[in-house]
Amino acid sequence: MTLIMGVVNVTPDSFSDGGRYVDAEAAVGHGLRLRAQGADILDVGGESTRPGAERVSPEVEQERVLPVVRALADAGVVVSIDTMNASTAAAAVEAGARIVNDVSGGMADPAMLATVASTAADVVLQHWRGHSADMYAGAVYDDVVADVAGELAARVEAAAAAGIDPSRVIVDPGIGFGKRGEQNWETLRGLHRFVAMGQRVLIGTSRKRFLAEALAEDPADASEARRDLATAVTSALAAQAGVWAVRVHDVAATRDALVVARRWAGADRSGGREG
């Protein structure tokens with residue numbers, strides 16, 4: 001069954017909900033609401049990776065995320081830390097995080113893979129071709145699915161060389177990262193290729209620009225609610241392709257979409273009132 005990873009951004013500048021939960025108490029409350037709505041994992045991040053975002057120091061990042069990670073872990077939540085910094089990953093795991101979600105695939109900080117190897121945490125290695133300031137400079141592919149799969153396989157090998165067993169590795173094709181419009185759709189249509197790699201696969205389409213471009217001639221006309229509906233659809237389709245988890249802002253809509261998709265596939269015949 002595909003899991004739901006709920007997004008908890010403890011940032012002032014994330015592309016969708018920046019500033020809403022920058023206060024630790026507000027972030028914890030939001031995370032607990034997402035869990036109540038059906039999130040299996042909460043992904044806590046303290047640095048925006050939206051296009052054009054500026055980096056923040058590990059110290060600032062840790063001030064933002066560690067109280068939230070600790071409080072959620074103490075409440076029994078499975079917590080993932082969304083970071084490219086090895087020192088933040090180590091501190092968050094010590095505070096209770098069980099997954100390190102590195103959008104750079106361990107490439108932004110050369111100490112990341114060795115740091116994760118020294119813990120018991122799983123790691124998400126996302127496909128990445130550069131920081132947010134110029135992430136689209138590398139959006140050139142011969143065959144986007146084959147190229148991304150090959151680069152992810154290389155990151156899995158690098159993790160193994162650092163001492164991380166492949167069973168601890170989750171791969172993420174990086175929708176919206178170093179990929180423009182149609183390249184994202186091609187990547188999603190090739191999900192079976194990533195699932196066939198043998199690692200668990202995480203997909204994050206939530207509220208991203210390529211969805212807005214599909215919904216409206218001017219992406220600014222695609223409201224958050226419309227993007228959330230589109231996210232739920234792509235998440236249900238990703239689940240049918242066999243992904244391990246989907247990363248979303250709107251947990252409730254995605255939960256409902258996954259329930260309906262499972263019933264459609266005949267995988268969940270429990271409950272449900274007809275008529």
Enquirer: Other hydrophobic cluster members with Val233, side-chain heavy atoms of Ile/Leu/Val/Met/Phe/Trp/Tyr under 4.5 Å, chained?
Expert: Leu237

Enquirer: Please step through side-chain contact (heavy atoms from CB on, under 4.5 Å) for the pair Val8 and Asp43, ending with a clear verdict.
Expert: CA-CA 6 Å; Val8 180; Asp43 192 40; over 6 Å; no

Enquirer: Evaluate the criterion salt bridge (charged side-chain N to carboxylate O under 4.0 Å, His left out) for residue pair Arg129 and Glu151; output intermediate values, then yes/no.
Expert: CA-CA 10 Å; Arg129 284 190 169 183; Glu151 290 170 34; 2.5 Å; yes

Enquirer: Are Leu258 and Val195 connected in a single hydrophobic cluster, I mean Ile/Leu/Val/Met/Phe/Trp/Tyr linked by side-chain heavy atoms less than 4.5 Å apart?
Expert: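 Result: yes, single cluster for both.
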
Enquirer: What do the steps show when you test Thr83 against Asn101 for side-chain contact (heavy atoms from CB on, under 4.5 Å), and what is the final call?
Expert: CA-CA 6 Å; Thr83 184; Asn101 181 12; over 6 Å; no

Enquirer: Do you know the tightest heavy-atom contact between Ala117 and Ala162?
Expert: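 Closest approach of Ala117 to Ala162: CB-O, 3.3 Å.
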
Enquirer: Rounded to the nearest 0.5 Å, what's the gap from OG1 on Thr205 to CD1 on Ile175? Could you check?
Expert: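 Output value for this atom pair is 7.5 Å.
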
Enquirer: Does Asn9 use its side chain to pair, donor to acceptor, with the backbone of Thr11 at less than 3.5 Å?
Expert: no

Enquirer: One pair to check against salt bridge (charged side-chain N to carboxylate O under 4.0 Å, His left out): Arg70 and Glu94. What are the steps and the verdict?
Expert: CA-CA 9 Å; Arg70 188 172 294 109; Glu94 185 175 353; over 6 Å; no

Enquirer: Within the 4.5 Å heavy-atom criterion, are Phe194 and Ile203 side-chain neighbours or not?
Expert: no

Enquirer: Take Ser87 and Gln62, measure what side-chain contact (heavy atoms from CB on, under 4.5 Å) needs, and give me the verdict at the end.
Expert: CA-CA 9 Å; Ser87 61; Gln62 290 166 38; 3.2 Å; yes

Enquirer: Indicate yes or no: at least one non-hydrogen side-chain atom of Ile4 is less than 4.5 angstrom from one of Val248.
Expert: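 Yes; the side chains approach each other to less than 4.5 Å.
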
Enquirer: Measure across Val69 and Ala92 and return the closest heavy-atom pair with its distance rounded to 0.1 Å.
Expert: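 Taking Val69 first and Ala92 second, the nearest heavy atoms are CG1-O, 3.7 Å.
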
Enquirer: Using a strict cut-off of less than 4.0 Å between a Lys/Arg side-chain nitrogen and an Asp/Glu carboxylate oxygen, indicate whether Arg180 and Glu186 qualify as a salt bridge.
Expert: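 Salt bridge flag = no for Glu186 with Arg180.
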
Enquirer: Parallel, tilted or perpendicular: which fits the ring planes of Phe210 and Trp185, with parallel below 30° and perpendicular above 60°?
Expert: perpendicular

Enquirer: With a 4.5 Å heavy-atom cut-off, do Thr231 and Leu211 have their side chains touching?
Expert: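 Touching, per the 4.5 Å side-chain cut-off.
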
Enquirer: Which pair of heavy atoms, one from Val251 and one from Gly6, lies closest together, and at what distance?
Expert: CG2-CA, 3.9 Å

Enquirer: So do His249 and Leu34 actually touch side chain to side chain, heavy atoms under 4.5 Å?
Expert: no

Enquirer: Just verifying a value: how many Å separate Met1 CE and Arg262 CZ, rounded to the nearest 0.5 Å?
Expert: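 It comes to 5.0 Å.
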
Enquirer: Once you round to the nearest 0.5 Å, how far does CE of Met112 lie from CG of Asn85?
Expert: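 The distance works out to 6.5 Å.
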
Enquirer: Please walk me through it: do Leu125 and Asp172 pass side-chain contact (heavy atoms from CB on, under 4.5 Å)?
Expert: CA-CA 6 Å; Leu125 300 178; Asp172 181 342; over 6 Å; no

Enquirer: To the nearest 0.5 Å, what is the distance between OG1 on Thr234 and NZ on Lys208?
Expert: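 It is 10.0 Å, given to the nearest 0.5 Å.
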
Enquirer: Taking all non-hydrogen atoms of both residues into account, name the closest pair between Val56 and Gly46 and its distance.
Expert: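 Of all heavy-atom pairs spanning Val56 and Gly46, the closest is CG2-O, 4.0 Å.
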
Enquirer: Quick one, Ile164 and Leu113 - any side-chain contact, counting heavy atoms below 4.5 Å?
Expert: yes

Enquirer: If we ignore hydrogens and angles and just use 3.5 Å, is the side chain of Lys179 paired with the main-chain N or O of Gly174 as donor and acceptor?
Expert: yes

Enquirer: Looking only at non-hydrogen atoms, find the nearest pair between Ala159 and Val169 and report the distance.
Expert: CB-CG2, 4.2 Å

Enquirer: What is the distance from atom CD of Gln126 to atom CZ of Arg247, rounded to the nearest 0.5 Å?
Expert: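 Answer rounded to 0.5 Å: 8.5 Å.
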
Enquirer: Using a distance-only test with no angle check, is there a side-chain donor-acceptor pair under 3.5 angstrom linking Asp102 and Ser104?
Expert: yes

Enquirer: Measure across Gly181 and Glu213 and return the closest heavy-atom pair with its distance rounded to 0.1 Å.
Expert: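 Closest approach of Gly181 to Glu213, heavy atoms only: CA-OE1, 3.9 Å.
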
Enquirer: Side-chain contact test, heavy atoms from C-beta onward, threshold under 4.5 Å: evaluate it for Arg200 versus Asp122 and give yes or no.
Expert: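 A side-chain contact exists here, since the closest heavy-atom pair is under 4.5 Å.
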
Enquirer: If you link I, L, V, M, F, W and Y whenever their side-chain heavy atoms are under 4.5 Å apart, who else ends up in the same group as Val140?
Expert: none

Enquirer: By the rule that ILVMFWY residues connect when side-chain heavy atoms come within less than 4.5 angstrom, directly or transitively, which residues belong alongside Ile99?
Expert: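 Ile99 shares its hydrophobic cluster with Leu3, Met5, Ile41, Val78, Val124, Ile170, Leu202, Trp244.
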
Enquirer: Any donor and acceptor pair, going by atom type alone, linking the side chain of Arg226 with main-chain N or O of Leu215 inside 3.5 Å?
Expert: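 Checked: pair present.
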
Enquirer: Quick check: do Arg168 and Thr119 have side-chain heavy atoms less than 4.5 Å from each other?
Expert: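 Yes - at least one pair of side-chain heavy atoms lies under 4.5 Å apart.
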
Enquirer: First locate atom CE of Met84, then atom CG of Asp109, and finally report the distance between them rounded to the nearest 0.5 Å.
Expert: 10.0 Å

Enquirer: Is there side-chain contact between His127 and Phe177, with at least one heavy-atom pair below 4.5 Å?
Expert: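 Side chain of His127 against side chain of Phe177, heavy atoms only: no contact under 4.5 Å found.
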
Enquirer: Can you check whether Ser80's main-chain N or O pairs, donor with acceptor, with Arg98's side chain at less than 3.5 Å?
Expert: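 No: the side chain of Arg98 does not pair with the backbone of Ser80.
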
Enquirer: Are more than 12 heavy atoms from other residues, nucleotides or ligands located less than 6.0 Å from atom CD of Glu25?
Expert: no

Enquirer: Does Glu61 offer a backbone N or O that forms a donor-acceptor pair with the side chain of Glu47 under 3.5 Å?
Expert: no

